[in-house]
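Can you keep this structure in mind? I'll have questions shortly.
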Amino acid sequence: MTTTTPATSSSPATSSPAAGTAAGRPGPARRALRALAVVSCVPYVSLKVAWVSGSRVGIPKGSALLDDPDLMAAVNLVTVLMDAAVVVLALLFTQRWGRAVRAWLLAFPMWGATGLLAPIMVGYPAQLAAGHTASTEPFLDEWVFTVVYSGFIVQGLALGTLFALYARDRWGGVWQGRVRDVSPALFRPLVRVVAVAASVLLLVPVALHGLWLSGSVRGLSAGRIAERGSDFFVLEGVRLLFAAAAIVGVLMMVFRLGRRLPLKAPLAFAWVGTAGVGCWGGWLLLAALVPQSDPADGPTAAMLLAYAGEMITGMLLGACVAVLLRRRAERPA
């Protein structure tokens with residue numbers, strides 16, 4: 001997912017008219033997208049700052065968020081910094097100094113932003129379409145989810161578009177051509193072994209999510225079972241969707257499958273899929289490790305296995321994407 005090519009190196013795209021625009025003052029479209037990305041952060045950051053300051057707006061009485069104020073304050077501060085990173089990335093993608101930033105220093109946070117935002121962008125509209133059902137014991141008022149998730153969707157669309165334009169200007173040559181144009185020498189045997197092993201290991205979380213999607217409660221905590229509704233089943237389906245995208249995208253690139261397809265197609269699947277699997281799995285793992293007031297709500301071994309497995313395999317498959325980007329940037333042919 002990242003490249004280590006020096007930021008000063010050139011690709012065929014850096015001499016294009018579009019690149020010249022990106023290198024100077026951004027055009028009106030990019031300025032509008034930048035403003036949209038920044039403004040969409042305001043509701044989420046405002047709520048978090050209010051909660052850290054002691055406000056309980058949007059938090060109903062009896063919410064689990066009130067059980068440990070110090071822990072929640074720390075979590076809120078971390079998430080504020082995470083959302084602030086969206087602002088930094090939006091500026092980076094639209095300023096001249098952004099082209100001097102080393103590739104890995106911007107690609108890694110963007111991969112992380114993709115992994116955290118993309119599942120929400122897919123899952124929340126799907127939940128609404130399926131008939132959103134709130135938890136019997138909500139920890140936030142319903143309007144908070146609407147405001148925050150709507151903001152996340154706008155962030156994802158605006159930031160994703162800015163990144164696509166920036167990447168086209170700076171590294172457009174990396175994903176030009178078709179899958180058959182990728183040199184087999186770019187992927188050494190070790191990379192292929194990692195890709196296959198990670199894909200096979202990812203089938204363990206896939207099997208668990210498939211089991212829960214089918215209606216089984218085996219391996220779920222009592223609290224999770226009690227909260228199952230349409231939202232639960234939609235999110236389980238989303239987890240399977242991103243896992244499939246990660247496996248298919250990476251294996252297509254590594255083994256040059258679908259040789260006539262444009263390279264950007266499996267690369268997009270691999271980027272979004274590995275980010276969604278790795279980052280969201282890691283986020284769910286961290287959330288599961290937060291102490292619960294009711295032991296019955298704590299994660300089971302199967303839930304921890306699913307989240308940890310997604311985090312590890314998502315990062316391994318993401319590393320395979322990084323190999324392609326790095327080596328193609330060094331020798332595009």
Side-chain angles (χ1 to χ4, degrees), residues 1-46 48 77-118 120-121 151-175 264 267-268 270-272 274-276 278-279 282-283 315 318-319 321-322 324-326 328-330:
M1 85 159 208
T2 62
T3 67
T4 55
T5 306
T8 56
S9 65
S10 300
S11 71
T14 56
S15 58
S16 68
T21 300
R25 179 178 174 81
R30 299 195 196 204
R31 293 200 300 271
L33 286 168
R34 179 178 63 193
L36 191 60
V38 173
V39 170
S40 64
C41 296
V42 173
Y44 183 75
V45 172
S46 298
K48 293 289 185 173
L77 286 173
V78 170
T79 51
V80 165
L81 293 176
M82 291 171 62
D83 215 42
V86 172
V87 177
V88 175
L89 287 171
L91 293 173
L92 186 151
F93 294 146
T94 54
Q95 297 293 330
R96 181 177 302 173
W97 54 265
R99 294 179 62 81
V101 176
R102 294 186 65 85
W104 69 268
L105 198 55
L106 64 90
F108 183 75
M110 189 60 209
W111 183 79
T114 301
L116 294 175
L117 292 174
I120 294 174
M121 296 171 67
F152 284 160
I153 292 173
V154 174
Q155 286 178 36
L157 292 173
L159 191 64
T161 303
L162 285 174
F163 176 62
L165 294 171
Y166 175 95
R168 181 197 64 186
D169 294 342
R170 186 171 174 181
W171 305 298
V174 171
W175 60 76
K264 59 187 176 183
L267 179 58
W271 177 280
V272 177
T274 60
C279 298
W283 181 255
M315 289 183 175
V321 180
L324 171 71
L325 296 178
R326 174 185 176 183
R328 261 216 136 199
E330 292 173 346

- Asp83 side chain reached by Lys48 side chain, heavy atoms, under 4.5 Å: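 When only atoms from C-beta onward are counted, Asp83 and Lys48 do not touch, as no gap falls below 4.5 Å.
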Please output the side-chain donor-acceptor pairs of residues 31-40 that fall under 3.5 Å, not counting sequence neighbours, one pair per line with the distance.
| unit_1 | atom_1 | unit_2 | atom_2 | d |
| --- | --- | --- | --- | --- |
| Arg31 | NH1 | Pro26 | O | 2.6 |
| Arg34 | NH1 | Thr94 | OG1 | 3.2 |
| Ser40 | OG | Leu36 | O | 3.1 |
| Ser40 | OG | Ala37 | O | 2.8 |

- Return the minimal non-hydrogen interatomic distance between Val80 and Val45, and the atom names on each side. CG1-CG1, 4.3 Å
- Query: Leu159 and Ala90: which non-hydrogen atoms are nearest, and at how many Å?
  - Reply: CD1-N, 3.8 Å
- Side-chain heavy-atom pair Leu165, Thr161 within 4.5 angstrom cut-off: yes
- Item | Euclidean distance, Leu89 CG relative to Tyr166 OH, rounded to 0.5 Å | 10.0 Å
- Query: If you take all heavy atoms of Leu106 and Phe163, which pair is closest and at what distance?
  - Reply: CD1-CE1, 4.2 Å
- Note on the structure: To the nearest 0.5 Å, atom CH2 of Trp271 lies from atom CH2 of Trp175 at 9.5 Å
- Between Thr274 and Ala270, which heavy-atom pair has the shortest distance, and what is it?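 Scanning both residues completely, I find the closest heavy atoms to be OG1-O, 2.6 Å.
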- Query: Between Trp111 and Met315, is any pair of side-chain heavy atoms under 4.5 Å apart?
  - Reply: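 A side-chain contact exists here, since the closest heavy-atom pair is under 4.5 Å.
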- Scanning both residues in full, the closest heavy-atom pair of Cys279 with Leu116 reads O-CD2, 3.9 Å
- Item | Gap separating the CZ atom of Arg25 from the CZ atom of Arg30, nearest 0.5 angstrom |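 Separation between the atoms: 13.0 Å.
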- List in chain and number order the residues that pass ring pair (Phe, Tyr, Trp, His ring centres under 6.0 Å) with Tyr44, two or more places apart in sequence or in another chain; answer none if no residue qualifies.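 In terms of ring pair (Phe, Tyr, Trp, His ring centres under 6.0 Å), with neighbours along the sequence ignored, Tyr44 is linked to Phe152.
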- Note on the structure: Here the gap from Leu117 atom CG to Met110 atom CE, rounded to the nearest 0.5 Å, amounts to 7.5 Å
